[in-house]
Amino acid sequence: MKSGDPKNIAVYPGSFDPVTSGHIDIIQRAKPFFYSLHILVAENPSKSTLFSIDERVEMIKSATSAEKNIIVSSFSGLVVDYARKVNAKAIVRGLRAVSDFDYEFQMATMNRRLAPDIETIFFTTRGKFFYISSSMIKSIAQNGGDISSFVPESIEQKIINKFK
Ligand code: PNS
């Protein structure tokens, strides 16, 4: 299937609490392979987040406003159910360190079991984003550190303000 085919749809799910420059890099690198990419913000009642679901959606929208055919939504439920609803053929995930691998492998295996027709595709993190995580960014911001090189410019102040 060609990337220009409107049926070539992928879903990139995550907590995005908040979205980081590493996430944006994955979005920009994955996008050329698909006609449209759904960024799916997970609503997980058992996981406490700093930002509300609406804030997380808004932050991704502002950081991706220049990108075409990016759809940002929230969901509570199974990623594969959302993927089926929008006819996605693939789930995109980013891989940083080896420590990500076990969890990601389990999740991809379970998702394939639930939906054998939907493939998980991994993008390895670019070197400069290797050590970035949403939790580290929150910790740096909370302690007054400089997060400017870790998050999109459009959301930097919003993160800082959260700790004021
Ligand atoms: O950014 P995260 O926290 O690593 O993302 C985790 C996420 C949202 C992808 C994962 O928790 C998830 O898929 N949640 C939805 C529930 C689901 O589909 N579970 C089945 C996969 S094991």
Side-chain angles (χ1 to χ4, degrees), residues 9-31 33-34 36-64 67 70-142 147 149-152 154-156 158-159 162-163:
I9 300 164
V11 177
Y12 178 27
S15 302
F16 303 111
D17 183 45
V19 68
T20 69
S21 300
H23 294 129
I24 300 297
D25 182 57
I26 299 288
I27 292 169
Q28 286 168 344
R29 285 164 53 211
K31 182 62 201 42
F33 293 92
F34 304 101
S36 62
L37 183 61
H38 289 250
I39 318 297
L40 204 52
V41 184
E43 198 167 5
N44 183 350
S46 59
K47 193 171 173 180
S48 70
T49 56
L50 176 65
F51 294 97
S52 72
I53 195 95
D54 291 342
E55 285 174 317
R56 285 180 278 155
V57 166
E58 274 318 306
M59 285 191 284
I60 301 173
K61 279 187 179 166
S62 78
T64 59
E67 309 279 337
I70 298 279
I71 299 117
V72 189
S73 332
S74 59
F75 78 109
S76 96
L78 293 175
V79 169
V80 291
D81 286 343
Y82 180 93
R84 282 217 176 94
K85 195 175 79 179
V86 298
N87 281 319
K89 303 284 175 283
I91 294 168
V92 165
R93 290 286 287 171
L95 265 187
R96 285 167 308 183
V98 176
S99 52
D100 284 348
F101 184 80
D102 194 38
Y103 169 60
E104 294 296 336
F105 192 82
Q106 282 183 36
M107 200 155 60
T109 306
M110 182 53 80
N111 281 334
R112 188 177 312 111
R113 185 80 192 270
L114 295 169
D117 48 326
I118 299 172
E119 201 64 59
T120 298
I121 299 176
F122 292 106
F123 285 79
T124 53
T125 290
R126 218 183 270 285
K128 62 177 176 173
F129 300 128
F130 190 69
Y131 50 88
I132 295 182
S133 70
S134 297
S135 26
M136 277 187 189
I137 285 163
K138 284 181 275 193
S139 165
I140 296 166
Q142 186 168 23
I147 56 167
S149 51
F150 308 136
V151 296
S154 62
I155 66 161
E156 183 188 348
K158 191 165 174 78
I159 300 169
K162 199 73 172 178
F163 292 105

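When reading the values below, keep in mind they use all heavy atoms of this one structure, side chains included, and skip hydrogens, waters and symmetry mates. Remember, it's 1-based here, ligands and their atoms both numbered in the order they're listed.
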**Student:** Whether K158 and E58 form a salt bridge (side-chain N of Lys/Arg under 4.0 Å from carboxylate O of Asp/Glu) is what I want to check.
**Tutor:**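 Salt bridge flag = no for K158 with E58.
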**Student:** Measure from the ring center of H38 to the ring center of Y82 and say whether it is less than 6.0 Å.
**Tutor:**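 Ring centroids of H38 and Y82 are less than 6.0 Å from each other.
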**Student:** Between K138 and D17, does at least one N-O distance fall below 4.0 Å, as a salt bridge requires?
**Tutor:**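 Looking at K138 and D17, the cut-off is met.
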**Student:** How about F105: does its CZ atom have over 12 heavy atoms from other parts shown lying under 6.0 Å from it?
**Tutor:** no
**Student:** Could you list which atoms of ligand 1 come closer than 4.0 Å to a heavy atom of A42?
**Tutor:**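 Heavy-atom distances to A42 below 4.0 Å select 8 (C).
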**Student:** Is ligand 1 under 4.0 Å from a heavy atom in the side chain of R93, in the backbone, in both, or in neither?
**Tutor:**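 Under 4.0 Å from ligand 1, R93 contributes side-chain atoms alone.
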**Student:** Do you see a donor-acceptor pair shorter than 3.5 Å between the side chains of D54 and S52?
**Tutor:** no
**Student:** Taking both backbone and side-chain atoms of N44, is any N or O found less than 3.5 Å from an N or O belonging to ligand 1?
**Tutor:** no
**Student:** Taking all non-hydrogen atoms of both residues, which atom of L50 and which atom of K162 are closest, and how far apart?
**Tutor:**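 Shortest heavy-atom separation between L50 and K162 comes out as O-CE, 3.3 Å.
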**Student:** Of the choices T109, I91, V79, N111, which has the non-hydrogen atom that lies closest to atom 20 (C) of ligand 1?
**Tutor:** N111
**Student:** For atom 19 (N) of ligand 1, grab the closest protein heavy atom and report residue, atom and distance to one decimal in Å.
**Tutor:** L78 CD2, 3.7 Å
**Student:** Does ligand 1 come near enough to L114 that some N or O of the ligand is less than 3.5 Å from an N or O of the residue?
**Tutor:** no
**Student:** Which protein heavy atom lies closest to atom 6 (C) of ligand 1, and at what distance to 0.1 Å?
**Tutor:**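 Residue, atom and distance for the closest contact: Y103 OH, 3.4 Å.
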**Student:** Counting heavy atoms only, which part of S15 comes closer than 4.0 Å to ligand 1: side chain, backbone, both or neither?
**Tutor:**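 Under 4.0 Å from ligand 1, S15 contributes backbone and side-chain atoms.
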**Student:** Taking atom NZ of K85 as the centre, does the number of heavy atoms from other residues, nucleotides or ligands within less than 6.0 Å exceed 12?
**Tutor:** no
**Student:** At what distance is the nearest protein heavy atom to atom 10 (C) of ligand 1, and which residue and atom is it?
**Tutor:**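 Among all protein heavy atoms, the one nearest atom 10 (C) of ligand 1 is M107 SD, 3.8 Å.
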**Student:** Quick check: closest heavy atoms across T120 and F122, and the distance to 0.1 Å?
**Tutor:**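 The answer is CG2-CZ, 3.7 Å.
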**Student:** Among protein heavy atoms, which lies nearest atom 15 (C) of ligand 1, and at what distance?
**Tutor:** G77 O, 3.4 Å
**Student:** For K47 and ligand 1, does the shortest N/O to N/O distance drop below 3.5 Å?
**Tutor:** yes
